[in-house]
Amino acid sequence: MENLRFTREQVKEILGQIAQQEGGMNELLRLSMEALMKAEREIHNQIHKDVSNGFRRRKSLGLHKQLVLDVPRSRFQAFYPVLLAVMNDREQEAREIAFRLYGAGLTTQQVGELFEELYGRHYSTSQVSRMFDMAREEVSRWLCR
């Protein structure tokens, strides 16, 4: 396929049309993140003489919805996109927020409902409870060190 040449204005128009559709902002977010990770893998492959090896699925938090991203892989499995570290930090932050809400008196059901409203990902009361069990174990280990 030939390289298509768009003007800056044409690109803005296309992106604006996508953004205005239902779920368009999440689609733009997904496309942007996947493009950045793919470009990063190309640089990685050149530097480390590695070879691309498909993609793996990874769920992440979007705008009031869960995103499913295609994360690029390399054959020698030495490639780890910078964006994944940022996404992991965001998920850790979400767990900390949930723990603080629970500590402030919200029930596990209320925390789960709030997270579904904010992040588009439903957490059942048992999932929220297990999340807190893991946090309690970490606190206990830290106190016993």
Side-chain angles (χ1 to χ4, degrees), residues 1-104 106-139 141-142:
M1 183 169 150
E2 292 183 38
N3 285 338
L4 300 175
R5 305 259 184 224
F6 292 103
T7 66
R8 189 178 206 92
E9 289 304 314
Q10 288 172 320
V11 171
K12 286 166 89 173
E13 170 102 16
I14 292 167
L15 293 176
Q17 288 175 1
I18 293 171
Q20 290 175 1
Q21 296 173 3
E22 185 177 340
M25 291 301 290
N26 276 318
E27 181 65 12
L28 287 175
L29 180 62
R30 184 187 66 77
L31 291 170
S32 299
M33 292 174 75
E34 288 178 353
L36 287 169
M37 289 187 290
K38 190 173 179 185
E40 185 184 353
R41 180 181 63 182
E42 293 304 316
I43 294 168
H44 166 86
N45 288 350
Q46 290 173 358
I47 293 171
H48 298 285
K49 308 290 187 246
D50 205 345
V51 181
S52 299
N53 191 24
F55 300 88
R56 62 186 163 94
R57 299 272 179 182
R58 169 83 158 62
K59 293 180 181 177
S60 181
L61 301 175
L63 302 171
H64 305 289
K65 187 178 179 189
Q66 188 172 0
L67 299 177
V68 178
L69 301 172
D70 287 332
V71 178
R73 295 186 307 208
S74 67
R75 178 161 296 155
F76 303 121
Q77 299 183 0
F79 175 66
Y80 188 82
V82 172
L83 275 176
L84 284 185
V86 174
M87 290 186 296
N88 285 340
D89 289 347
R90 187 171 176 210
E91 290 170 7
Q92 177 61 32
E93 183 179 281
R95 284 192 291 273
E96 290 173 10
I97 290 169
F99 195 63
R100 292 184 115 190
L101 291 170
Y102 182 70
L106 270 68
T107 66
T108 54
Q109 181 176 355
Q110 290 170 324
V111 171
E113 290 169 356
L114 184 60
F115 265 63
E116 183 171 18
E117 187 176 316
L118 293 175
Y119 297 112
R121 181 173 179 188
H122 175 74
Y123 288 95
S124 68
T125 55
S126 61
Q127 287 173 312
V128 172
S129 183
R130 278 194 302 273
M131 186 186 330
F132 296 149
D133 287 342
M134 285 187 269
R136 284 185 202 103
E137 290 172 13
E138 289 178 26
V139 169
R141 279 195 303 269
W142 183 81

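Keep in mind that this is a model prediction, so the values were computed, not measured.
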Any idea which heavy atoms bring [X] and [Y] closest together, and the distance?
| X | Y | result |
| --- | --- | --- |
| S74 | H44 | OG-NE2, 4.1 Å |
| P81 | V71 | CG-CG1, 3.8 Å |
| R41 | F55 | NH2-CZ, 3.8 Å |

Does any part of the side chain of [Y], heavy atoms only, come nearer than 4.5 Å to the side chain of [X], both counted from C-beta?
| X | Y | answer |
| --- | --- | --- |
| Y102 | V128 | no |
| R30 | E34 | yes |
| L84 | M87 | yes |
| E40 | F79 | yes |
| L101 | F115 | yes |

Using only heavy-atom distances, determine whether the side chains of [X] and [Y] contain a donor-acceptor pair under 3.5 Å.
| X | Y | answer |
| --- | --- | --- |
| N45 | S52 | yes |
| Q17 | Q21 | no |
| Q46 | E42 | no |

Item checked: side chain to side chain contact (heavy atoms under 4.5 Å, CB included) between K49 and F76, intermediate numbers included -> CA-CA 10 Å; K49 308 290 187 246; F76 303 121; over 6 Å; no
Check: Hey, which of R57, R56, K38 is the one that makes side chain to side chain donor-acceptor pair (under 3.5 Å) with D70?
Finding: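 That would be R57.
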Hey, what do you get for [atom1] ([X]) to [atom2] ([Y]), rounding to the nearest 0.5 Å?
| X | Y | atom1 | atom2 | answer |
| --- | --- | --- | --- | --- |
| L28 | M25 | CG | CE | 6.0 Å |
| Q20 | L15 | CD | CG | 11.5 Å |
| E113 | T108 | CD | OG1 | 9.5 Å |

Margin query: Just checking Q109: does its CD atom have more than 12 heavy atoms from other residues, nucleotides or ligands closer to it than 6.0 angstrom?
Written below: no
Check: Is a donor on one side and an acceptor on the other found under 3.5 Å between the side chain of E27 and the backbone of I18?
Finding: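 Between the backbone of I18 and the side chain of E27 there is no qualifying donor-acceptor contact (under 3.5 Å).
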Item checked: R73 side chain vs G54 backbone, donor-acceptor pair below 3.5 Å ->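 Answer holds: no.
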